[in-house]
Every structure is written in C-alpha cells, then in structure tokens.
Trainee: 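Take this structure first; my questions come after.
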Amino acid sequence: MLSKKDTQFAIDQMGELFPEAECELVHKNPFELLIAVVLSAQCTDALVNKVTPRLFEKYKAPEDYVRVELEELEQDIRSIGLFRNKAKNIKKLSFSLIEDFAGVVPETREELESLAGVGRKTANVVTSVAFGVPAIAVDTHVERVSKRLGICRWKDNVRQVEETLQKKIKREDWSDAHHRLIFFGRYHCKAQSPKCPSCPLVSMCREGKKRLKDQLPHG
DNA sequence: AACTCGGGGCA
DNA sequence: TGCCCAGAGTT
C-alpha cells in the first residue's frame, strides 16, 4: 500500500492537474443540500443543478414534498435518472424528517442514514458540506482511484476505503482531497480508459504500470 | 453478492 | 445507437 507520504504527494499532484476541483453543490441550507445529494445518486451534479433551481422554488420545506402527489414530483424531476425511486424516497425522507426530527435535517451520519435514499456516501457529503464535519465520502471515483493507486487494498469495502483515506490524509485536508480524488477519477483515472500514458502518478501506480505493460485499455 | 432503477454522455 | 456510468435498496 502507498505510504502516508506518497498518498499526500499523489493527492497534491491531482490538485495540480485539477486546480478547479471543489464542491459543485452550492445550496444554502441543509435541507436543499440533502435533497440535491439524494437526487445526485447515479447521475452527475451538473444534471442535478439543472432541476434544483425550479425544484427549490416550488418546494421550500419537507411538508411541501409530503403534500404533493407522487406523480407530480416525478414529473418535476423526470429529467434525472431513476426519478421514480428518487421521488418516492424524497417523499418518505420528508415524512421522516417531520416525524422523527421535527422537520430539521439531523447532523449525524447515523441519523441521516436512517432516511430513505440516504446511504453512507450521501450522509457523509451532508455532514461535511452542510455541517462542517470533516469526512471523505467514498463514491465510485474515490474508490476506484484509491484502489488503482494502492492507497488502499483492492479487496477493501467502502468503509475500509474511507477509514484508510482518513488515516492517510490530514483531517484539515479531507475536503480538498475528496474533491481532487473525484475530479481525478472522473476526468483522468477514468473507469474505462484511464489516461495512464500522460499520468504524473504512473511511477507510483501499481495499476497504471500494469496497464501500460500488459497493454490494457488506457488513453 | 447480484440485481434493479433510467436518463445522459460518449464512442 | 448501443454501451457504460453513477448509489441505494431489495432479495
């Protein structure tokens, strides 16, 4: 596995490659952030940002989502993938917020994870972005990059990936590191054809060296 | 552990 | 135009 020092170096390099890497969700309150992150499951933030302005104009509070007809909510988010699941989850989640949390978005990961449509990744994003609790949300980009580079082990589950990253990265750097890993994974260390030949990290990357040697797909 | 949900992006 | 992407929930 990559040492703490090498991990830090790798993440610095990602920052140089993508200086623009930062949070793409710009929502003022925790409730809107929560809805936005739930919507963003399995699709890009850019796509979510297309529907949220209209959505948040129409729905201000959990009560608004509880009251609306499911079909109407589905229509309001239909340009996003998995809109039927998401509409259902948002209605359930809003109901739970009112019933269990007095209409206020809870601040702990455990409480957030009890809400429909909120898994570990979404919960981590909400606690870190809305409540300033440092966390590294492990999405598929973060997981893939961490495994390819050898920051964590191949067989690690999401939770182990998260723990390893938090151990190897200084707490005050978690937020930056998170976004750098995501940008690097999305645009450079892509799932299908990672850009190994032009990657500043191949020399320390087990997977990169292997892909080049074995002529595995790479761009 | 595998499958499902579904539109968007890219080859 | 068809393959691949991205999380959470269900079985």
Side-chain angles (χ1 to χ4, degrees), chain A residues 18 21 23-25 27 32-55 65 70-97 100 105-106 108-130 135-148 152-163 165 178-198 207 211 215-219:
Chain A
F18 297 99
C23 186
E24 297 168 290
L25 297 164
H27 300 99
E32 290 187 355
L33 178 79
L34 175 60
I35 298 293
V37 182
V38 167
L39 286 176
S40 74
Q42 292 294 99
C43 75
T44 62
D45 289 348
L47 190 59
V48 173
N49 288 337
K50 284 184 184 168
V51 307
T52 45
R54 261 198 66 240
L55 198 68
Y65 292 107
L70 181 60
E71 290 72 22
E72 188 177 340
L73 183 54
E74 286 179 355
Q75 292 310 308
D76 288 336
I77 61 171
R78 95 187 322 306
S79 60
I80 290 185
L82 315 185
F83 63 91
R84 273 182 264 265
N85 287 347
K86 289 172 184 175
K88 216 175 295 169
N89 282 338
I90 287 172
K91 277 184 79 69
K92 271 207 226 169
L93 163 168
S94 299
F95 187 76
S96 305
L97 277 184
D100 306 333
V105 179
T108 68
R109 208 197 64 229
E110 289 75 11
E111 288 171 315
L112 285 161
E113 277 186 289
S114 77
L115 300 169
V118 181
R120 196 183 183 89
K121 187 245 173 184
T122 300
N124 271 337
V125 171
V126 173
T127 54
S128 59
V129 178
I136 297 177
V138 178
D139 65 0
T140 59
H141 297 303
V142 174
E143 181 172 354
R144 184 180 63 251
V145 169
S146 300
K147 289 184 176 181
R148 279 182 179 165
C152 67
R153 280 179 273 262
W154 270 110
K155 59 178 175 62
D156 282 353
N157 60 33
V158 175
R159 201 190 164 133
Q160 292 171 314
V161 176
E162 185 184 317
E163 282 171 8
L165 285 170
H178 167 74
H179 295 113
R180 288 174 183 184
L181 284 162
I182 287 178
F183 273 69
F184 182 69
R186 192 189 296 160
Y187 301 114
H188 195 92
C189 193
K190 297 191 281 192
Q192 285 308 99
S193 50
K195 302 180 177 180
C196 303
S198 66
E207 178 70 9
R211 292 184 98 92
Q215 306 268 311
L216 289 168
H218 54 73

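Quick caveat: nothing in here was measured; it's all calculated off a predicted structure. Letters go in sequence order (proteins before strands), and every chain restarts at 1.
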Trainee: Please assess A:Arg78 against A:Glu74 for the test salt bridge (charged side-chain N to carboxylate O under 4.0 Å, His left out), listing each intermediate value before the final yes or no.
Mentor: CA-CA 6 Å; A:Arg78 95 187 322 306; A:Glu74 286 179 355; over 6 Å; no
Trainee: How far does the P atom of B:dG6 sit from the matching atom of C:dT1, given to the nearest Å?
Mentor: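 Straight-line distance between the two P atoms is 24 Å.
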Trainee: Taking the same atom, C1', in C:dA8 and in B:dG9, what whole-Å distance lies between them?
Mentor: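 About 22 Å, rounded to a whole number of Å.
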Trainee: Given atom CD of A:Glu143 and atom P of C:dA8, what is their separation to the nearest angstrom?
Mentor: 12 Å
Trainee: Taking atom P of B:dA1 as reference, at what distance in whole Å does atom NZ of A:Lys155 sit?
Mentor: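 So the NZ-P distance, A:Lys155 to B:dA1, works out to 13 Å.
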Trainee: Considering every strand and a 4.0 Å limit on heavy-atom distances, what is the contact class for A:Val38: base, sugar-phosphate, or nothing?
Mentor: nothing
Trainee: With a cut-off of less than 4.0 Å, is there a side-chain N or O of A:Thr140 near OP1 or OP2 of C:dC5?
Mentor: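 No, because none of the side-chain N or O atoms of A:Thr140 sits under 4.0 Å from OP1 or OP2 of C:dC5.
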Trainee: For nucleotides 6-11 of chain B, read 5' to 3', which letter fits each nucleotide if B means a protein heavy atom sits under 4.0 Å from the base, S means only the sugar-phosphate is that close, and - means neither?
Mentor: BSS---
Trainee: Determine the interatomic distance between C1' on C:dG9 and the same-named atom on B:dG8; round to the nearest Å.
Mentor: 22 Å
Trainee: In this structure, how many angstroms lie between the P atom of C:dA8 and the CG atom of A:Leu93, rounded?
Mentor: 12 Å
Trainee: Rounded off to whole Å, could you give me the CG-to-P distance for the A:Asn124 and C:dG7 pair?
Mentor: 13 Å
Trainee: Nearest-Å distance, OH (A:Tyr187) to C1' (C:dA6)?
Mentor: 13 Å
Trainee: Please verify the inter-ring angle class for A:Phe18 with A:Phe184; under 30° counts as parallel, over 60° as perpendicular, anything in between as tilted.
Mentor: perpendicular
Trainee: Please check if atom NZ in A:Lys88 has more than 12 non-hydrogen atoms from other residues, nucleotides or ligands closer than 6.0 Å.
Mentor: no
Trainee: Side-chain donor-acceptor pairs under 3.5 Å in residues 34-44 of chain A, sequence neighbours left out?
Mentor:
{"from": "A:Ser40", "atom 1": "OG", "to": "A:Val37", "atom 2": "O", "distance (Å)": "2.8"}
{"from": "A:Thr44", "atom 1": "OG1", "to": "A:Leu47", "atom 2": "N", "distance (Å)": "3.3"}

Trainee: Restricting to salt bridge (Lys or Arg N to Asp or Glu O under 4.0 Å), what partner residues turn up for A:Arg120, sequence neighbours left out?
Mentor: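 Listed in chain order: A:Glu162.
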Trainee: Counting the atoms with a prime plus P, OP1 and OP2 as sugar-phosphate, which does A:Asn89 contact under 4.0 Å by heavy atoms, base, sugar-phosphate, or nothing?
Mentor: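 Answer is nothing: A:Asn89 stays at 4.0 Å or more from every strand.
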Trainee: Check every strand shown and say whether A:Leu115 touches a base, only sugar-phosphate, or nothing at a heavy-atom separation below 4.0 Å.
Mentor: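 Sugar-phosphate only.
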Trainee: Rounded to the nearest Å, what distance is computed from the NZ atom of residue A:Lys88 to the P atom of nucleotide C:dA8?
Mentor: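 Rounded to the whole Å, the gap is 17 Å.
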Trainee: Contact class for A:Thr122 (heavy atom, under 4.0 Å): base, sugar-phosphate, or nothing?
Mentor: sugar-phosphate
Trainee: Can you name the nearest heavy-atom pair linking A:Ala87 to A:Leu73, along with the distance?
Mentor: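 Shortest heavy-atom separation between A:Ala87 and A:Leu73 comes out as O-CD2, 3.5 Å.
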Trainee: To the nearest angstrom, how far is A:Arg144 atom CZ from C:dC4 atom P?
Mentor: 14 Å
